[in-house]
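To keep things clear, I will list the structure first and then write my remarks on it.
Just so we're on the same page: letters track the sequence lines, and every chain starts at 1.
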Amino acid sequence: LLPRSEITDDLWGELEETLIAADVGVDTTERLLERLRARHAAGEFGTGKELSRGLQEELAGLLRPPDGREPLLPSDLTVVLTVGVNGVGKTTTVAKLGHHWSRSGRRVLLAAGDTFRAAGTEQLAIWADRVGLPCVAAQRGGDPGAIVFDAIAAARARGFDVVVVDTAGRLHTKTNLMEELRKIRRIVDRQGVVGRVILVLDAATGQNAVVQARSFASAIGTDAIVVTKLDGTARGGMVFSVVRELGAPVCFVGTGEKVGDLAEFDSEAFVAALFA
Amino acid sequence: ALSDKLQRVFDQLGRKGKLNEQDVDRALREVRLALLEADVNFRVVRSFLDKVRGRAVGVEVLQSLTPTQQVVKIVHEELMALLGEAGRLATAPSPPTAIMLLGLQGSGKTTTAAKLALHLRKQGQRPLLVAADPYRPAAVTQLEMLGRQLDIPVFARPGVAPAALCRDAVAEARSAGQTHVIFDTAGRLHIDEQLMAEVAEIRQRTNPSEILLVADAMTGQDAVKVAEEFQQRVGITGLVLTKLDGDARGGAALSMRDVTGVPIKLIGVGERPDALELFHPDRLTSRILG
Ligand SMILES: Nc1nc2c(ncn2[C@@H]2O[C@H](COP(=O)(O)OP(=O)(O)OP(=O)(O)O)[C@@H](O)[C@H]2O)c(=O)[nH]1
Ligand SMILES: Nc1nc2c(ncn2[C@@H]2O[C@H](COP(=O)(O)OP(=O)(O)OP(=O)(O)O)[C@@H](O)[C@H]2O)c(=O)[nH]1
Ligand SMILES: [Mg+2]
Ligand SMILES: [Mg+2]
C-alpha cells in the first residue's frame with residue numbers, strides 16, 4: 001500500500017480490500033471504515049498515510065487486552081487447558097508453551113490429554129522427550145479427565161507449578177465432545193488449582209473462527225488465544241472479531257513447526273503485517 | 001437466509017415487474033455479503049457477481065413478478081455450474097494406481113489417506129498406504145495405527161527420503177499385486193521452496209494418476225493463494241475438502257475450484273475412517289449460500 005498524499009475513493013477501496021483479503025470479515029471491516037470516515041469528516045487525516053496509520057491504530061486498539069486482567073500464569077499451581085478444533089496446532093503448541101515457560105523458570109509438567117486420535121499421545125510424548133519435560137500419559141481410549149486428575153496430583157506431589165494439558169481436536173458443533181471438555185474443566189476447578197483455557201486458532205481460518213471461539217468460550221471460557229501458522233501467507237484477520245467478542249487477548253503466535261517457533265504476541269507487528 | 005435478505009431488498013423497492021439495473025445492484029450487494037461471509041475469496045466473488053449480473057439485468061428478473069426467486073435461482077445455478085460435477089478418481093493404465101495427497105499442515109491428509117484406502121477396499125481394490133511424512137513426530141505411527149485398525153498394509157521406511165520411499169512403495173505394490181498406492185505426505189506451506197520441490201520430485205518419480213489437494217473447509221481468503229501455488233508448482237488433479245461435518249460455510253471450496261479449474265472429488269465429514277463422501281455440488285451450494 002503506497003503512502004498516497006490524497007485520500008481518494010480508490011484508497012478507501014484499497015483499505016477495504018486489504019482487510020477483507022486478510023479475513024478481517026465484512027462486518028468488522030465496515031465498522032472500522034465507518035469510524036475512520038467519521039474521523040475523516042471531523043477533520044482528521046490530511047493524507048493517505050495518516051489515514052492508513054489511523055486504521056492501524058484502530059486495529060491495534062481492538063487487540064489491546066482489557067485492563068486489570070489477571071496474569072496468564074500466576075505464581076500458584078496453574079493448569080492450562082489447550083483446546084481448539086482439529087488440526088490447528090494444539091499438540092505442537094503445548095510443546096512450545098511448555099518449553100517456553102520451562103526456560104523462563106517455571107516447573108512444567110505436560111499432560112497428554114488426547115486419548116482419542118491415533119498417535120495423539122505418542123506425538124506429545126516425543127515432543128516432551130525432545131524438550132526434556134515430563135509428560136503424564138495413558139492408554140489410548142482412556143478418560144482424558146483421569147489424565148488431568150493424575151497430572152494435577154503429580155504436580156502437587158512433585159512440585160510442578162504449571163501443567164499444560166493437550167486435548168483432542170474437536171469440532172465445536174459436536175455436543176458430546178464439548179460436554180467432555182466441560183467435564184475436564186470441572187475436574188480442574190474441583191481441584192482448587194488455577195485453571196486457564198488457551199484457545200488455539202489457525203491463522204488461515206476464515207469467519208468460522210468467530211463461531212469456534214464463541215462456542216469454546218461459552219462452554220469452558222477462554223483466557224487467552226494462540227494463533228498458529230502465521231509463517232504461512234494467511235494474515236489471521238479473524239482474530240479482531242474473536243478478541244472483541246471474547247475479551248480474551250492473543251498471548252502467543254505460532255511461527256513454524258519447530259519447538260522454538262513461538263513468539264509473544266506483538267499487536268503492532270501483527271497489524272503492520274496486514275499492510276505489508 | 002439469502003432469499004430472505006433479497007426479499008427484503010425487493011420488497012423495499014416495491015415495484016415488481018419494473019425493476020431497473022440499480023435495483024439489481026442493490027440485490028447483488030446482499031449476494032456479495034453472503035459469499036464473503038461464507039469465506040469465498042473476494043476476487044472470486046467479484047468475477048462471480050459479474051457473471052450473475054449479466055443474467056440478472058435481463059428481462060427474466062427486471063420484468064418478473066417474483067424477482068427474488070429469479071435472482072436466487074440465477075445465483076444457485078451459477079454457483080452449481082462453477083462448483084462443477086463431482087470428479088471421479090482416475091485409474092492408471094496398468095496397476096498400481098498412485099494417488100498423492102498433499103496440502104497445508106493439519107488439513108486432514110493422514111486421516112483422508114486411511115479413509116480413501118478403506119473406501120477403495122470396500123470397492124474390492126487392494127490399497128497400500130505409504131507413510132511419506134518423515135518430519136512430524138509420530139506421523140508414521142499415526143498412519144500405521146490407522147492401517148492396523150483397518151487391516152490395510154502400510155509401507156514405511158525410516159530414514160528413506162519421501163521421493164525414494166514413494167518410488168519403492170510403487171515397486172513393492174506392483175510385485176505384491178496391489179491395485180492402489182496412496183502417498184500420505186507431510187503438511188507443508190505452499191511458500192516453502194524445499195518442501196514444494198519435494199512433492200514435485202515425488203510426482204516426477206512416481207507419476208501419480210491423482211494428485212489431491214487436501215484442504216480444510218474452514219479456510220478463509222488464503223485458499224486461493226494455496227491452491228494456485230500447489231497447482232503451479234506440482235499440478236493437482238482434484239480437491240478434497242475436509243471437516244465438512246462442522247459448520248464452516250465452505251466458501252474456500254468455491255475459490256479453489258474457480259482458480260484451479262480442478263474438480264472437487266471427495267469430502268471429509270468426520271474423524272472416523274468411514275467418514276468420506278463423494279462431493280454433491282447442490283449440497284455445497286446450499287451450504288455456501290447459508
Ligand atoms: N507452519 C506451521 N505449522 C504448524 C504450526 N503449528 C503447528 N503446525 C503444524 O500443524 C500440524 C498440526 O499440528 P498438531 O499440533 O498436530 O495439531 P492439533 O491441533 O494438535 O491436531 P489434532 O490433535 O489432530 O486436532 C502439524 O504438522 C504441525 O507441525 C505453525 O505455527 N506453523
Ligand atoms: N471432524 C473432522 N475431523 C477431521 C476430518 N479429517 C481430518 N480430521 C481431523 O483433523 C485433524 C488433523 O488430521 P490429520 O490427518 O492428522 O491432518 P494432516 O493433514 O495429516 O496433518 P499434518 O500431517 O500435520 O499436515 C485430526 O484430528 C483428524 O482427526 C474430518 O473430515 N472431520
Ligand atoms: Mg493434537
Ligand atoms: Mg499427516
Nearest-0.5 Å distance, [atom1] of residue [X] to [atom2] of residue [Y]:
X	Y	atom1	atom2	result
B:Asp247	A:His172	CG	NE2	3.5 Å
A:Asp231	B:Ile191	CG	CD1	7.0 Å
A:Asn86	B:Asp216	CG	CG	8.5 Å
B:Gln142	A:Gln123	CD	CD	7.0 Å
A:Thr91	B:Arg136	OG1	CZ	7.0 Å
A:Thr173	B:Asp245	OG1	CG	6.5 Å

Give the table of side-chain donor-acceptor pairs shorter than 3.5 Å for residues 29-43 of chain B, with sequence neighbours excluded, one pair per line with atom names and distance.
residue, atom, partner, partner atom, Å
B:Asp39, OD1, A:Gln207, N, 2.9
B:Asp39, OD2, A:Gln207, N, 3.3
B:Asn41, OD1, B:Arg43, N, 3.0
B:Asn41, ND2, B:Gln221, O, 3.1
B:Asn41, ND2, B:Gln221, OE1, 3.4

Taking every non-hydrogen atom, the tightest pair across A:Ile126 and B:Pro137: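 In this case the closest contact between A:Ile126 and B:Pro137 is CG2-CB, 3.8 Å.
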Given a strict heavy-atom distance threshold of 4.5 Å, which part of A:Glu16 is in contact with chain B: side chain, backbone, both, or neither?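 Side chain of A:Glu16 only, per the 4.5 Å heavy-atom cut-off to chain B.
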Proximal component of A:Arg235, with respect to chain B [non-hydrogen, under 4.5 Å]: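 Neither; nothing under 4.5 Å.
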For B:Gln149, is it the side chain, the backbone, both, or neither that has a heavy atom closer than 4.5 Å to a heavy atom of chain A?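 Side chain only.
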Toward chain A, the part of B:Arg46 with a non-hydrogen atom under 4.5 Å: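 When you check distances to chain A, only side chain atoms of B:Arg46 fall under 4.5 Å.
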Over 12 non-hydrogen atoms of neighbours within 6.0 angstrom of CZ in A:Arg244: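 Atom CZ in A:Arg244 is not crowded, with 12 or fewer foreign heavy atoms closer than 6.0 Å.
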Pairs of heavy atoms under 4.5 Å with chain A: top-ranked of B:Lys243, B:Glu229, B:Glu144: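 Between B:Lys243, B:Glu229, B:Glu144, the count favours B:Lys243.
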Report the option among B:Ala114, B:Ala138, B:Gly246, B:Gly251 that has the most heavy-atom pairs separated by less than 4.5 Å from atoms of chain A.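 Maximum pair count with chain A is reached by B:Ala138.
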Toward chain A: residues of residues 103-111 of chain B with heavy atoms under 4.5 Å: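 If one takes a 4.5 Å heavy-atom cut-off, the residues of residues 103-111 of chain B near chain A are B:Gln105, B:Gly106.
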